[in-house]
Colleague: 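Here it is, the structure, as structure tokens.
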Amino acid sequence: MVEKCRVRGLTKRFGTTTVVDDVALDVSEGEFVVILGPSGCGKTTTLRMIAGLAEPDAGSIDIDGRRVCAPAERLFVPPEQRNIGMVFQSYAIWPHMTVFENVAYPLRVRRVGGGERKRRVADVLERVGLGQESDRPATALSGGQMQRVALARALVFNPAMVLFDEPLSNLDLKLRERLRVELKSLQRETGLTSIYVTHDQTEAVELADRIIVMKAGRVVQTGTPRELYRTPTSRFVAEFISTANIFDAVVEGFAGPGFVRVRCDDGRALIAAHTVPVRPGERVDVVVHPEDCRIEATQGEHAHQVRITGLRYQGTSTRITLRWMGTEIDVVSLGTLPAIEEGSEAWLHIRPEHARVIPRPVP
Ligand SMILES: Nc1ncnc2c1ncn2[C@@H]1O[C@H](COP(=O)(O)OP(=O)(O)OP(=O)(O)O)[C@@H](O)[C@H]1O
Ligand SMILES: [Mg+2]
């Protein structure tokens with residue numbers, strides 16, 4: 001895999017607050033990497049430093065094997081020499097220019113001649129679905145069209161990489177979903193290397209080859225959407241990436257290789273899988289995904305008696321809420337359900353490999 005971007009020890013302070021703290025990340029050629037994290041965790045600041053729009057206090061950034069920034073070496077390559085395209089949340093389209101002029105601008109700056117410029121702008125406008133809009137004033141465009149113009153402008157000079165900072169968050173839900181699908185297929189077709197910042201986990205999971213989860217300026221976990229979903233290493237990631245049931249529990253004892261018996265304060269006990277060592281008596285979090293639970297009318301191994309408190313049919317699946325001792329649990333059932341109704345008793349089956357132990361951070 002060809003490395004496009006390598007960041008090490010990236011740190012940024014504003015006054016006495018460290019807002020980006022020792023961040024490392026790698027992006028391979030053609031990869032779509034999403035930086036995901038709550039508001040204020042340092043996503044935009046990280047992206048701005050990679051683009052050259054902000055200067056780090058420490059660390060290094062390499063793009064295409066060339067060092068573009070390293071405060072310790074007093075090295076800072078300005079943004080226009082980093083060959084990076086950017087798409088922002090606010091479209092940053094010039095209102096006094098036409099669609100064509102907006103998209104042609106980066107080529108003008110790079111002194112690409114008239115004929116070549118026309119050809120490349122026409123080509124990229126076609127790719128983002130704006131082939132017919134070339135001569136319209138930018139102000140006459142809808143939000144979705146403006147964001148397509150911004151994307152075309154970021155792509156037109158064949159950048160090494162494109163950075164996206166929440167580009168879809170100003171658009172309504174339907175449009176956001178459509179542009180997300182379009183962006184992903186465009187990225188696949190063109191093999192565009194991308195770093196995409198968002199605080200929206202649905203967007204992250206749908207777009208990303210790999211997700212970098214940030215919290216308070218630090219990277220807390222990196223992995224494919226599936227890895228983060230299946231093996232979160234912290235409660236924070238589990239909560240951020242999914243709508244899982246998370247139980248606060250104590251390890252009671254071992255239950256075969258890779259498994260422990262855990263008990264919650266309200267008395268619920270179950271067998272759960274662990275991938276990192278835990279000790280009896282240790283407090284842990286246990287993650288159970290709604291779609292990994294099964295509701296049965298009869299008891300069986302690893303079954304717990306529950307009461308159904310809610311049923312919502314959603315086309316091909318049913319969302320069930322139930323009460324297991326003192327706790328509400330969410331279950332999603334695909335396909336047919338046993339004949340259960342609200343208020344009835346049932347059995348909740350959780351296979352041990354579907355309950356995953358997350359150790360607590362050492363304070
Ligand atoms: N120029 C600045 N001066 C002082 N503090 C700043 C500056 N820019 C950002 N910050 C602070 O740095 C922290 C990280 O900001 P940043 O914009 O990187 O967060 P973010 O993860 O992009 O958040 P959001 O999801 O809300 O866009 C915040 O606490 C913010 O207030
Ligand atoms: Mg931001």
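Computed from a predicted structure; not experimentally measured. Heavy-atom basis, side chains included; hydrogens, waters and symmetry copies ignored. Just follow the structure's listing: the first ligand is 1, and inside any ligand the first atom is 1.
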Colleague: Give the contacting part of V19 toward ligand 1: side chain, backbone, both or neither, where contact means a heavy-atom distance below 4.0 Å.
Modeller: side chain
Colleague: Going by an N to O cut-off under 4.0 Å, is there a salt bridge joining R108 and E101?
Modeller: no
Colleague: Atom 16 (P) of ligand 1: protein heavy atom closer than 4.0 Å?
Modeller: yes
Colleague: When you compare the side chain of M86 with that of L47, does any pair of heavy atoms fall below 4.5 Å?
Modeller: yes
Colleague: Quick check with a 6.0 Å cut-off and a 45 degree axis cone: is R82 positioned over the face of F76's six-membered ring?
Modeller: yes
Colleague: For D292, is there an ion pair with R351 - N to carboxylate O distance below 4.0 angstrom?
Modeller: no
Colleague: Does M214 approach ligand 1 within less than 4.0 angstrom via side chain, backbone, both or neither, non-hydrogen atoms only?
Modeller: neither
Colleague: With a distance cut-off below 6.0 Å to the six-membered ring centre and an angular limit of 45° from the axis, does R294 pair with W347 as a cation-pi contact?
Modeller: no
Colleague: Among protein heavy atoms, which lies nearest atom 25 (O) of ligand 1, and at what distance?
Modeller: K43 NZ, 2.8 Å
Colleague: Give a yes or no on whether atom 30 (C) of ligand 1 lies under 4.0 Å from any heavy atom of the protein.
Modeller: no
Colleague: Among all protein non-hydrogen atoms, which one is nearest to atom 18 (O) of ligand 1, and what is the separation to 0.1 Å?
Modeller: T45 OG1, 2.5 Å
Colleague: With a cut-off of 4.0 Å, which atoms of ligand 1 are near a heavy atom of E166?
Modeller: 25 (O)
Colleague: Does ligand 1 have any atom sitting under 4.0 Å from a heavy atom of G37?
Modeller: no
Colleague: Would you call the rings of F32 and F164 parallel, tilted or perpendicular if under 30° counts as parallel and over 60° as perpendicular?
Modeller: parallel
Colleague: Got an N, O or S from T44 under 2.8 Å of the Mg ion (ligand 2)?
Modeller: yes
Colleague: Please state which protein non-hydrogen atom is closest to atom 9 (C) of ligand 1 and give its distance, to 0.1 Å?
Modeller: F14 CE1, 3.5 Å
Colleague: Give a yes or no on whether a salt bridge exists between D265 and R283, defined as a side-chain N under 4.0 angstrom from a carboxylate O.
Modeller: yes
Colleague: For atom 26 (O) of ligand 1, what is the nearest protein heavy atom, given as residue, atom name and distance?
Modeller: S39 OG, 2.5 Å
Colleague: Please table the atom pairs, donor to acceptor, closer than 3.5 Å between any side-chain atom in residues 254-262 and protein atoms at least two apart or in another chain.
Modeller:
none

Colleague: Between F236 and P38, is any pair of side-chain heavy atoms under 4.5 Å apart?
Modeller: yes
Colleague: Return the residue, atom name and 0.1 Å-rounded distance of the protein heavy atom closest to atom 23 (O) of ligand 1.
Modeller: G40 N, 2.7 Å
Colleague: Identify, for atom 27 (O) of ligand 1, the protein heavy atom at the shortest distance, and state residue, atom and that distance.
Modeller: T44 OG1, 3.9 Å
